[in-house]
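Below: the structure, in structure tokens.
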There are 2 protein chains.
Amino acid sequence: MAANSQFSMAVHVLSMLAASRDENVKSDCIAGSVNTNPVVIRRLLGQLAQAGLVVSQSGSNGGTRLAKCPNEINLADVYSAVSCGEVFALHAREPNKDCPVGRNIEAVLCHVQKRIDRTIAETLSSYTLANIFDMVEKGAAA
Amino acid sequence: MAANSQFSMAVHVLSMLAASRDENVKSDCIAGSVNTNPVVIRRLLGQLAQAGLVVSQSGSNGGTRLAKCPNEINLADVYSAVSCGEVFALHAREPNKDCPVGRNIEAVLCHVQKRIDRTIAETLSSYTLANIFDMVEKGAAA
DNA sequence: GACATTGTAACTAATATCGTTACAGATGGC
DNA sequence: GCCATCTGTAACGATATTAGTTACAATGTC
């Protein structure tokens, strides 16, 4: 249970909210579709709310709905909202600074990492929630 | 100790091998620079050997060296050699197929995931080991 | 044959993610 | 005002992954 499925869950959740535009959806209902516990959903919704993608209401008739139109939300927003870790981690233990390679490798890797993060953000930002919801409705990806 | 630093280690290791071109390097020596245990290095070298990036020799005077020139190895090769997990995981538990969204979301996410994998591979393949070693020698990234 | 080195299995420790229970706080209907 | 319903969040446990470590067989050099 190590890999991070928060992004997948987030896209799933947002698609459901997109399906019930302007109507509060309860965490119980979402949990039923994602097949998990409502608390897991509420935790996730908290992150999405902080990022300004959704708004929640407590109380009776409470629930959550999108804070923007589906075409104003792109997957890069979602990705950064759930703060997935980096694609690869830098060294766990600091390399040996007495070695010419050990001394400089971290800076180089850091540079590569930033480059990749940018690439991913660019790719993800080409998908809006509206696009995704379209694909989901049509039933096929591709 | 959760994030995957194998890619970082692999690049570090390969840079060291590039520095000692055509000369066997011992896992002990590499471990000294990476600041970890020789066994961890040998495990990693095993993966790199399977991918045809390095060759190892046992016995006295054994060790490991590059199997190709540094400019014939790119970071996409390295990335796939150490088989880092995907950038994001698909759903841990299967979504509810009775929900229109749950039924189709996985295919859509799978599509997005493949797209990202391709993007990452493209970006990484623009760096050769020779490039990386150059940066390491110059001391600065940028 | 002695010795150095790799390859690999087995175990431990640390950590992250997810699921679950529990409960306080908010909100609306009556 | 009271109650049912919902969110927000804390606390805990189960599970999985990663890395570090020890141990030892297999391999190759001298």
Side-chain angles (χ1 to χ4, degrees), chain A residues 1-10 12-13 17 20 23-32 34-51 54-65 67 82-96, chain B residues 1-10 12-13 17 20 23-32 34-51 54-65 67 82-96:
Chain A
M1 201 173 300
N4 196 336
S5 62
Q6 294 217 81
F7 177 74
S8 289
M9 280 207 321
H12 187 155
V13 167
L17 297 185
S20 312
E23 209 176 303
N24 277 343
V25 183
K26 303 186 208 323
S27 62
D28 250 348
C29 163
I30 302 177
V34 176
N35 188 22
T36 184
N37 194 292
V39 174
V40 173
I41 299 297
R42 292 204 288 268
R43 275 200 289 242
L44 182 59
L45 286 172
Q47 295 185 269
L48 298 178
Q50 272 200 318
V54 304
V55 264
S56 292
Q57 263 182 344
S58 16
S60 192
N61 280 7
T64 307
R65 57 186 189 284
V82 298
S83 66
C84 293
E86 310 288 342
V87 176
F88 60 87
L90 277 322
H91 290 66
R93 294 157 78 157
E94 180 158 315
N96 183 350
Chain B
M1 203 173 296
N4 196 336
S5 63
Q6 293 217 83
F7 177 74
S8 290
M9 279 206 321
H12 186 155
V13 167
L17 297 184
S20 312
E23 209 176 303
N24 278 342
V25 184
K26 303 186 208 323
S27 61
D28 250 348
C29 164
I30 301 177
V34 177
N35 188 22
T36 185
N37 194 291
V39 174
V40 173
I41 298 298
R42 292 205 288 271
R43 274 199 288 241
L44 181 60
L45 286 172
Q47 295 186 270
L48 299 177
Q50 272 201 318
V54 305
V55 263
S56 292
Q57 266 182 342
S58 14
S60 192
N61 279 9
T64 307
R65 58 185 188 284
V82 298
S83 65
C84 293
E86 310 289 344
V87 176
F88 59 88
L90 276 323
H91 290 66
R93 294 158 80 156
E94 178 159 316
N96 184 349

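Just so it is clear: chains get the letters A, B, ... in the order the sequence lines come, proteins before strands, and each one is counted from 1.
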Quiz item: I30(A) CD1 to dT7(D) C1': how many Å, rounded?
Solution: 12 Å

Quiz item: How far does the helix from dG1(C)-dC30(D) to dC30(C)-dG1(D) bend, going by the axes of its first and last five pairs, to the nearest 10°?
Solution: 20°

Quiz prompt | Rounded distance in Å - CG (N24(A)) to C1' (dT7(D)) | solution = 11 Å

Quiz item: Going through the distances and angles, do R65(A) and N24(A) end up as a side-chain contact (heavy atoms from CB on, under 4.5 Å)?
Solution: CA-CA 5 Å; R65(A) 57 186 189 284; N24(A) 277 343; 2.9 Å; yes

Exercise. Grab the CD-P distance between Q50(B) and dT6(C) for me, whole Å please.
Key: 18 Å

Practice problem: Calculate the interatomic distance between F7(B) atom CZ and dT18(D) atom P; express it in whole Å. | Solution: 16 Å

Quiz item: Quick check: does any side chain N or O of N35(B) sit under 3.5 Å from a backbone N or O of E94(A), one acting as donor and the other as acceptor?
Solution: yes

Quiz item: Reading nucleotides 20-30 of chain C 5' to 3', which nucleotides get B (base under 4.0 Å from a protein heavy atom), which S (sugar-phosphate only), which -?
Solution: BBB--BBBS--

Self-check item: Value in whole Å for how far the P atom of dT8(C) lies from CD1 of I41(B)
Solution: 16 Å

Self-check item: Atom-pair distance (CD on Q47(A); P on dT9(D)), nearest Å
Solution: 11 Å

Self-check item: Between dT5(D) (C1') and K26(A) (NZ): distance, integer Å
Solution: 8 Å

Quiz prompt | Whole angstrom value for the distance that separates P of dA4(D) from CG of D28(A) | solution = 17 Å

